[in-house]
Novice: 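One structure follows; several queries about it will come next.
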Amino acid sequence: MANVSGSGRDGFGSRFGVIAAIAGSAVGLGNIWRFPYVAGENGGGAFLLLYVGCVLAIGIPVMMSELIIGRRAQSYAFGSFKKLAPGKPWTIIGALGIVSAFVILAFYSTVAGWTLEYIVQSLTGAFHGKTSAEFKTTFEGFISGSWWPLIWQMVFMFLTAIIVYMGVQKGIEKWSKILMPMLLVLIIVLAVRSLTLPGGMEGLKFFIYPDFSKITWDVVLKAMGQAAFSLSIGMGALITYGSYIPKNNKLSSTAFQITIADTGMAILAGLIVFPAIFSYHINPTEGPGLAFIVFPTIFSQMPGGDIFAVFFFFLLAIASLTSTISVLEVVVAFASEELKITRKKATIIGSLAITFVGVFCTLSFGVMSDVKIFGKTIFDLFDYSSANILLPLGALLIVLFTGWFLGKKNVRDELSNGSLLKVRLFGAFLFIVRFIAPVVIVFVFLKSLGIINF
Ligand code: PHE
């Protein structure tokens, strides 16, 4: 394995490998499944506008901060704070990240499991000639059936564990490099298809025309949460990945490119989902099932749709896999390096524990659908709290650490690769991580909780 950092740690081999692996973490169900359903529930165009605002004000600075911290410390999230701030309570960020990883992977693996079921369904021609109403019924029947969703969830967790176990470069980098560009091509084809559907323009209008009357503080919170979730920030996954980045990589460009790729993917997913919703009369507020109703409907109505469907769900499963490995890696790196158990053991114990919690998320669409906590099913609670509470909280602490604790010199040094590169707009970056990003996060939290009002 490549040892690019010279410290004996496993690392990413090439510049493209870095981009592909981090983009692999960022691009996943968050873009294609979660973004359209949350945007659909929260006003469409208005949500998109807030989302892009949050990506700029919070997403980019937090992503840069995570990469800076990880590469500076050459360690995973928890270890990084121990190294950079010995004896200080900043390790709480690492601990919070482990909680987030558990919560995210538990419900994410449920949905990732659905993608596997849909690969099989599309392979067996089950999409033929069905209407959107029939797809809705099939989907609801499937998720409430418990057994298959559970089996697929476990298969998915098993695949994740195998890749994490195989190690950084051989596993993560190789897969991401080949398959992510393929997903992009397919998504573009589908967007063109959807936009040219009869009535598709109505959907486009819903998606890009901001209706400001739809904006509430709750919508802002959800846009912020979606931005954090989609960019994989706020839990230290990118701190760990940052530690694998070669010393000569320009972190600011890497963060920008990944943000553009991730946001582009989400927007493309919107350009597929919303025109199709209007064309096929599907309800935009369908919730977590939205993508699993819309996409099959598009495929069933499209020439060659069977083949496209197989490819699409396969690539979506892979995109999810490159995300879940980055989440599991947070837990495994902590367990193996901190608790001093072997990587193998850490992977097995970590993935079993997460799968155990995940079972409840899957069952909350079936036999446990009546179990409600704070009025939400277990799945909804995990989905909601990870994106809207845990990740923004982690993001807040991360920018505060970078802006106020890491030290100007260290930050500049990491951004300039030890003064080899010219750092443009350093003052602006520092101002954003010190003031803008933290103030925005705190403000949105307090406003949406109704704590401040004026
Ligand atoms: N960003 C991933 C997605 O969009 C999910 C994720 C969240 C991965 C947090 C890592 C950390 O699917």
Side-chain angles (χ1 to χ4, degrees), residues 20-39 51 54-55 58-59 62-63 66-67 70 76-77 93-94 96-115 156-157 160 163-164 172 176 179-180 183-184 187 223-242 255 258-270 288 291 315-334 350 354 358 382-395 398:
I22 303 178
S25 169
V27 175
L29 291 169
N31 310 62
I32 290 159
W33 160 74
R34 200 175 189 280
F35 175 77
Y37 108 68
V38 181
Y51 176 77
C54 290
V55 165
I58 300 163
V62 177
M63 185 179 291
E66 288 201 31
L67 300 182
Y76 56 100
I93 302 175
L96 193 67
I98 292 158
V99 176
S100 307
F102 254 82
V103 175
I104 290 175
L105 206 42
F107 82 86
Y108 201 97
S109 56
T110 302
V111 184
W114 299 347
T115 65
F156 197 88
M157 283 302 298
T160 305
I163 298 183
V164 168
I172 300 174
S176 308
L179 294 164
M180 286 306 106
L183 180 65
L184 177 64
I187 292 282
M224 179 167 89
Q226 174 60 25
F229 186 86
S230 189
L231 292 170
S232 301
I233 56 172
M235 59 172 272
L238 298 187
I239 293 180
T240 314
Y241 274 27
I258 286 158
T259 305
I260 290 170
D262 187 72
T263 309
M265 276 291 208
I267 293 175
L268 281 170
L315 291 172
L316 185 55
I318 300 291
S320 315
L321 206 48
T322 54
S323 301
T324 50
I325 50 186
S326 71
V327 185
L328 184 58
E329 180 70 28
V330 170
V331 178
V332 169
F334 170 80
I354 291 167
F382 279 31
D383 181 8
Y384 182 93
S385 59
S386 61
N388 302 333
I389 300 167
L390 290 169
L391 296 182
L393 194 60
I398 287 166

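Atoms within each ligand, like the ligands themselves, are counted from 1 in listed order.
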Novice: Taking only residues two or more places apart in sequence or in another chain, which ones pass salt bridge (charged side-chain N to carboxylate O under 4.0 Å, His left out) with Asp383?
Specialist: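 Listed in chain order: Arg34.
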Novice: Answer yes or no: is there a side-chain heavy-atom contact under 4.5 Å between Leu321 and Phe156?
Specialist: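 They are in side-chain contact.
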Novice: Using the six-membered ring wherever Trp is involved, compare the ring planes of Trp114 and Trp33 and label them parallel, tilted or perpendicular (cut-offs 30° and 60°).
Specialist: perpendicular
Novice: Tell me which residues fall inside the under-4.0 Å heavy-atom shell around ligand 1.
Specialist: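 Near ligand 1, by chain and number: Ser25, Ala26, Gly28, Leu29, Gly30, Asn31, Ile104, Tyr108, Phe229, Ser230, Ser232, Met235, Ser323, Ser326, Val327.
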Novice: Pairs under 3.5 angstrom only: tabulate donor-acceptor contacts from the side chains of residues 263-270 to other protein residues two or more places apart or in another chain.
Specialist:
residue	atom	partner	partner atom	Å
Thr263	OG1	Thr259	O	2.8

Novice: For residues 96-103, tabulate all N or O donor-acceptor pairs below 3.5 Å that involve a side-chain atom, not counting sequence neighbours.
Specialist:
residue	atom	partner	partner atom	Å
Ser100	OG	Leu96	O	3.0

Novice: I'd like to know if the side chain of Asn31 and the backbone of Asp262 have a donor-acceptor N/O pair within less than 3.5 Å.
Specialist: yes
